[in-house]
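Notes follow the structure.
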Protein chains: 2
Amino acid sequence: MSINDTFKALADPTRRRILDLLKERDLTAGEIAEHFDITKPSISNHLNLLKQAQLVWDERKGQHIVYSLNTTVFQDVLKWMMELQQTQSKG
Amino acid sequence: MSINDTFKALADPTRRRILDLLKERDLTAGEIAEHFDITKPSISNHLNLLKQAQLVWDERKGQHIVYSLNTTVFQDVLKWMMELQQTQSKG
DNA sequence: TAAATATTTAGAAAATTATCTAATAGTTGA
DNA sequence: TCAACTATTAGATAATTTTCTAAATATTTA
């Protein structure tokens, strides 16, 4: 929920790749796991971190849990980066 | 030098605060360290990670080493985030 | 060149994060 | 209700990152 959670979530390449996959379309946990060489529990952990950071939503559909991308959180990251760029003046 | 280095560098709150400090003006390693409760070697390590990610430049001036902010690397991060937002369409 | 100051490097310990296996929980359909 | 399927949780281990102390390097000035 904090910007720290967002940055931490984005710091891992597996998690960024999950977001890249979800860019194309919503996917179940199993479909996501298929793309990686690590175990499902490990993917589940990554999904949980992304969820805590609100970078994804999850919704149960029958046996499956469908994950979808949420980029609204990027606003805070963008704001922070913009503010850093503002004041910059080199000597 | 990779986007992974950038995200990893930004994932730590101490390092983000260092960037915030450098937004105002260039600072020596010692001046930066004064703002934190951790030791100078630890700050030095953080500065090194920021340097590897090219988020800061360093320049020796006499006894001091002056650090300055470099936000050009943000372009890659922005691009990645923009691309994620593009294709998004909810059902 | 020696002392004082600023900073980094080296190496180890502590803390955090990622991953695994085994077990548990929810859903469907016979 | 039970078997099959999907996914998560629990708990342990492995890997990485952060932090520390002690030592080393670089610069300035006497």
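Source: prediction; values computed, not measured. By convention in this document, chain letters (A, B, ...) are assigned in the order of the sequence lines, proteins followed by strands, and residues within each chain are numbered from 1.
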Rounded to the nearest 0.5 Å, what's the gap from CG on B:Leu84 to CG on A:Asn70? Could you check?
-> 11.0 Å
When the distance from CD of B:Glu34 to C1' of C:dA6 is rounded to whole Å, what number comes out?
-> 12 Å
How far does NZ of A:Lys51 sit from CD1 of A:Ile65, to the nearest 0.5 angstrom?
-> 7.0 Å
Between B:Asn4 and B:Ser2, is any side-chain donor less than 3.5 angstrom from a side-chain acceptor?
-> no
Can you figure out which of D:dT8, D:dT19, C:dT8 approaches the side chain of B:Ser44 most closely?
-> C:dT8
Given that A:Ile38 and B:Ile65 both sit by DNA chain C, which one's nearest nucleotide is further toward the 5' end?
-> B:Ile65
Give the rounded distance in Å between these two atoms: CG of A:Asn4 and P of C:dT16.
-> 12 Å
Report yes if a side-chain nitrogen or oxygen of A:His64 is closer than 4.0 Å to either non-bridging phosphate oxygen (OP1 or OP2) of D:dA7; otherwise report no.
-> yes
Rounded to whole angstroms, how far apart are CG on B:Asn48 and P on C:dA6?
-> 21 Å
Side-chain contact test, heavy atoms from C-beta onward, threshold under 4.5 Å: evaluate it for B:Leu55 versus B:Leu49 and give yes or no.
-> no
Using atom CD of B:Gln52 as one end and atom P of C:dT9 as the other, report the distance to the nearest whole Å.
-> 10 Å
Which whole-number value in Å describes the distance from A:Arg15 CZ to C:dA18 C1'?
-> 9 Å
Which part of the nucleic acid, if any, lies within contact of B:Asn45, taking any heavy atom under 4.0 Å across all strands shown: a base, the sugar-phosphate backbone alone, or nothing?
-> base
Is any side-chain N or O of B:Lys8 closer than 4.0 Å to OP1 or OP2 of D:dT17?
-> yes
Quickly work out the A:Glu59 CD to D:dT8 P distance and round it to whole Å.
-> 14 Å
In whole Å, what is the span from the NZ atom of A:Lys40 to the P atom of C:dG26?
-> 19 Å
Using a cut-off of less than 4.0 Å, is there contact between a side-chain N or O of A:Arg60 and OP1 or OP2 of D:dT6?
-> no
A:Phe74 backbone acceptor or donor facing A:Thr71 side chain under 3.5 Å = no
For D:dC20, does OP1 or OP2 lie under 4.0 Å from any side-chain N or O of B:Thr39?
-> yes
Residue whose closest nucleotide on DNA chain C lies nearer the 5' end, A:Pro41 versus A:Lys61 | A:Pro41
Calculate the interatomic distance between A:Leu49 atom CG and C:dT16 atom C1'; express it in whole Å.
-> 12 Å
Indicate whether OP1 or OP2 belonging to D:dT17 is found under 4.0 Å from a side-chain N or O atom of B:His46.
-> no
Mind checking A:Thr28 for me? I need base, sugar-phosphate or nothing, with any heavy atom below 4.0 Å counting as a touch.
-> sugar-phosphate
Can you find a donor-acceptor N/O pair under 3.5 angstrom joining the side chain of B:Gln63 to the base of C:dT5?
-> yes
Quick one: is D:dT8 close enough that its OP1 or OP2 comes under 4.0 Å of any side-chain N or O from A:Tyr67?
-> yes
